[in-house]
Amino acid sequence: MITALVHRIRTQCSAELSIFRGQMHALARQDIGSGLDAAATTMARRPCLATPGVSVDIVGFTCPRSSGAPSVRVAVSLSVQPGRVASAVHWEEAHAWAGAVAGGEWVAAEYVGSQESPAGMVFHYALKDAEDPDAVPEYSAVPEYSSPEYSADYSAVL
């Protein structure tokens, strides 16, 4: 299901994803750590593709590492509208959105963790590039949902 959702997201939102990735690349080139602690950008709120009555918000941000380029992260928030039942939400759609954001120089969106929010759940991912000093785990090459150690390489989907 996740691979199909990634493909659908990339097809339906290609222009928005391209703009968002461009903003993320600009953030990654900022001089984080010398006067600038972090930087962030957002993608416009979208309706969930898998669950009616749920919206998706995506925030991309960078934060400093002890050495080297800043860490590039994505937070995907799935917000349940009033009257919807949280148990009916396909939470794995968050993984598909992170996988759709990972493209170009980023080879994977590695699941870092999640937390409840007042309206739903927020999922956190680290975007990994091929030259990342923290190697992408071997299981990241399998584009299937595998919680809690989720990381996916969706570059072969398209």
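A quick note: this is a predicted structure, and the numbers were derived from the prediction, not measured. Every heavy atom of this structure was used, including side-chain atoms; hydrogens, water molecules and symmetry mates were not.
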A.B. asks: For the pair Val122 and Val76, evaluate side-chain contact (heavy atoms from CB on, under 4.5 Å) and give the outcome as yes or no after the intermediate values.
C.D. replies: CA-CA 6 Å; Val122 180; Val76 179; over 6 Å; no
A.B. asks: Decide side-chain contact (heavy atoms from CB on, under 4.5 Å) for Val112 and Arg73; before the verdict, give the C-alpha distance in whole Å, the side-chain angles of both, and the deciding distance to 0.1 Å.
C.D. replies: CA-CA 9 Å; Val112 176; Arg73 306 272 176 144; 3.5 Å; yes
A.B. asks: Could you check whether any side-chain N or O of Ser18 sits under 3.5 Å from a backbone N or O of Ser14, counting only pairs where one atom can act as donor and the other as acceptor?
C.D. replies: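 No, Ser18 side chain to Ser14 backbone: no donor-acceptor pair under 3.5 Å.
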A.B. asks: Quick one: CG on Leu127 to NE2 on His25, what's the gap to the nearest 0.5 Å?
C.D. replies: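 Spacing of CG (Leu127) from NE2 (His25) equals 9.0 Å.
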A.B. asks: Please check if the side chain of Thr51 supplies one atom and the backbone of His90 the other of a donor-acceptor pair under 3.5 Å.
C.D. replies: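 Yes, because the side chain of Thr51 sits within donor-acceptor range (under 3.5 Å) of the backbone of His90.
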A.B. asks: Which word best sums up how the rings of Tyr111 and Tyr125 line up, parallel for under 30°, tilted for 30 to 60°, or perpendicular for over 60°?
C.D. replies: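 Tyr111 vs Tyr125 ring planes: perpendicular.
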A.B. asks: Just by distance, do the side chain of Glu93 and the backbone of Ala50 share a donor-acceptor pair under 3.5 Å?
C.D. replies: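 Such a contact is found between Glu93 side chain and Ala50 backbone.
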A.B. asks: Given Met43, which partner from the list Asp57, Val56, Ile19, Ile58 fulfils the side chain to side chain contact (heavy atoms under 4.5 Å, CB included) test?
C.D. replies: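 Testing each of Asp57, Val56, Ile19, Ile58 against Met43, the sole residue satisfying side chain to side chain contact (heavy atoms under 4.5 Å, CB included) is Ile58.
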A.B. asks: Please give me the minimum heavy-atom distance between His124 and Ser114, naming the atom from each residue.
C.D. replies: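 For His124 and Ser114, the tightest heavy-atom pair comes out as CD2-CA, 4.3 Å.
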A.B. asks: Any sub-3.5 Å donor-acceptor pair from Arg46's side-chain atoms to Cys13's backbone N or O?
C.D. replies: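 Not confirmed, Arg46 side chain does not pair with Cys13 backbone.
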A.B. asks: For Arg21 and Ala102, which heavy atoms make the closest approach, and how far apart are they?
C.D. replies: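 Result for this residue pair: NE-C, 4.5 Å.
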A.B. asks: Of the non-hydrogen atoms in Ile9 and Ala100, which two are nearest, and what is the gap between them?
C.D. replies: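 What the structure gives for the nearest pair is CG2-CB, 3.5 Å.
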A.B. asks: Determine whether a donor-acceptor pair (N or O, by modelled atom type, separation under 3.5 Å) exists between the side chain of Arg10 and the backbone of Gly99.
C.D. replies: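 Yes, Arg10 side chain to Gly99 backbone: donor-acceptor pair under 3.5 Å.
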A.B. asks: Looking only at heavy atoms, which two atoms of Gly60 and Phe20 are closest? And how far apart?
C.D. replies: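 Closest pair (atom of Gly60, atom of Phe20, distance): N-CZ, 3.5 Å.
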A.B. asks: Go through the steps for Leu49 and Gln12 under the test side-chain contact (heavy atoms from CB on, under 4.5 Å), then give the verdict.
C.D. replies: CA-CA 10 Å; Leu49 299 175; Gln12 291 182 359; 3.5 Å; yes
